Structures are given as structure tokens and as C-alpha cells.
Amino acid sequence: VSISKGSRNHYVLLKDGHVLAWGANEFGQTGLGVREIEVSTPQLVKKSIQVLLNGNEMELTMPPLLINNSTYVPLRGVFEQMGVNVRWDVPSRAVVAVKGSTTLILNSVTGQTTVNGKVIATDQKPVFINDSVYVPLRLISEMLGAQVEWDADAYAVRINSNK
């Protein structure tokens, strides 16, 4: 039905509504940050990951991403709707998320995550994609007291932050 060509990737909309894509993207994460991946064979594009907060579907300005089997979401949006004060600390290049008496810091340079000053062992850290900071959804949500569940059949993340 339609073909779209970006500077580094291509998309085709089929008559049945499915989308195929190939070319370069920045969704491959390495230990050193984000690397570009080249896909030469057209691949079926799955629908965006659906994010439900307390049973309600969330409208996000940028779609969630699946990186190394973890769902990443833009820094703002989900967490602000959970009542979390989220900010980007420019000098330290860290995400600072505060809810009640809990302060979570994800440092994008060192990869270190702390909760109320205590270091948490994790290999997940913020990534930069298309001028947006993406953070690991489950890690932040659970550290701030929410329950997170992956629904593979619905291709959705369900967050319950009600207490």
C-alpha cells in the first residue's frame, strides 16, 4: 500500500495492515551504550508494546522499546502518571526518580543504580534514543513499590501501583 524511506531505514505498509521494516536502527544495546544494527531482510514489525497502569492503557509520546528482553520507556510519562517526580540531572548524567521517601538514581555514565543511597546490582541503565532518555520500566517501577507483569499474549506490560 505504501513505502516510506528514512535516511537509514525503510518501511512498507501491506494491504492487510502489517508493516515490514529493514535498514539501520539504534536499538541494539552493548555494554558501552547503544550500537547500530543493520537489518537487510524485511522483518515484520510488531505492534508497540502496550503499557497499562492500574488497568488503564497509557498514551505515550514515544513507544516503549524491548532491549535485551527488558521493556524501556521514555523517562517521563509512565512514572509521572505513577506520581513519581522524575528529572534528568545534567552534571552527573543521571535519572533521579523520587516518590515519597524513596529516591532512585540511575547513572548513565557509570551504570550504577542506587535506592536511597544504597547500590543495587543491575546491568540495566538509561539509554539515549532519538534525543530521548529511555529507562528500564520494571526496575524503576518495582523499586518504587509497584508490581509489574509482562503479558506475552497481549504484548503488554501491566503495572499495578495501587496500595
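We're numbering straight along the sequence, starting at 1. Just so you know, these numbers come straight off a predicted model, no measurement behind them.
A continuous path of Ile, Leu, Val, Met, Phe, Trp and Tyr side chains, each step under 4.5 Å between heavy atoms, connects Val148 with Met143, placing both in one hydrophobic cluster. Residues Val73 and Trp88 are members of one and the same hydrophobic cluster, defined by side-chain heavy-atom contacts under 4.5 angstrom among Ile, Leu, Val, Met, Phe, Trp and Tyr. The hydrophobic clustering, which links ILVMFWY residues whose side-chain heavy atoms are closer than 4.5 Å, places Leu139 and Met58 together. Linking Ile, Leu, Val, Met, Phe, Trp and Tyr residues whenever their side-chain heavy atoms come within less than 4.5 Å leaves Val96 and Val127 in two separate clusters. In the hydrophobic cluster analysis, where Ile, Leu, Val, Met, Phe, Trp and Tyr join through side-chain heavy atoms closer than 4.5 angstrom, Val90 is grouped together with Val133.
The distance from the CD1 atom of Ile49 to the OH atom of Tyr72 is 12.0 Å, given to the nearest 0.5 Å. One finds the CG atom of Leu137 at 5.0 Å from the CZ atom of Phe79 (value rounded to the nearest 0.5 Å). Rounded to the nearest 0.5 angstrom, Arg158 CZ and Asn160 CG are separated by 11.0 Å. Taking CD1 of Ile159 as the reference point, atom CG of Leu52 lies at 8.5 Å (rounded to 0.5 Å). Distance check: Lys99 NZ to Ser161 OG gives 5.0 Å after rounding to the nearest 0.5 Å. Here the straight-line distance linking atom OG of Ser141 with atom CG of Leu104 works out to 10.0 Å at 0.5 Å rounding.
Met82 places a side-chain heavy atom less than 4.5 Å from the side chain of Leu53. Looking at Thr71 and Leu65, their side chains never come closer than 4.5 Å, going by heavy atoms from C-beta outward. Looking at heavy atoms from C-beta onward, Thr113 lies out of side-chain contact with Ile105 at the 4.5 angstrom threshold. The closest side-chain heavy-atom distance from Tyr134 to Leu75 is not below 4.5 Å. Contact annotation: the side chain of Leu106 never approaches that of Ser108 to less than 4.5 Å [non-hydrogen atoms, C-beta and beyond]. Residues Thr114 and Gln112 form a side-chain contact, since some pair of their non-hydrogen atoms from C-beta on lies under 4.5 Å apart. The side-chain heavy atoms of Val78 and Val51, taken from C-beta on, include a pair separated by under 4.5 Å. Put simply, the side chain of Thr102 does not reach to within 4.5 Å of the side chain of Val98, judged on heavy atoms.
The two atoms that bring Gln50 and Ala154 nearest to each other are OE1-O, 4.4 Å, heavy atoms only. Taking each heavy atom of Ser101 and Asn116 in turn, the nearest pair found is O-OD1, 3.2 Å.
At a cut-off of 3.5 Å, with distance as the only test, no side-chain donor of Asn107 or Ser92 sits close to an acceptor on the other residue.
By the 6.0 Å contact criterion, CD on Gln147 is open, its count of non-hydrogen atoms from other residues, nucleotides or ligands being 12 or less.
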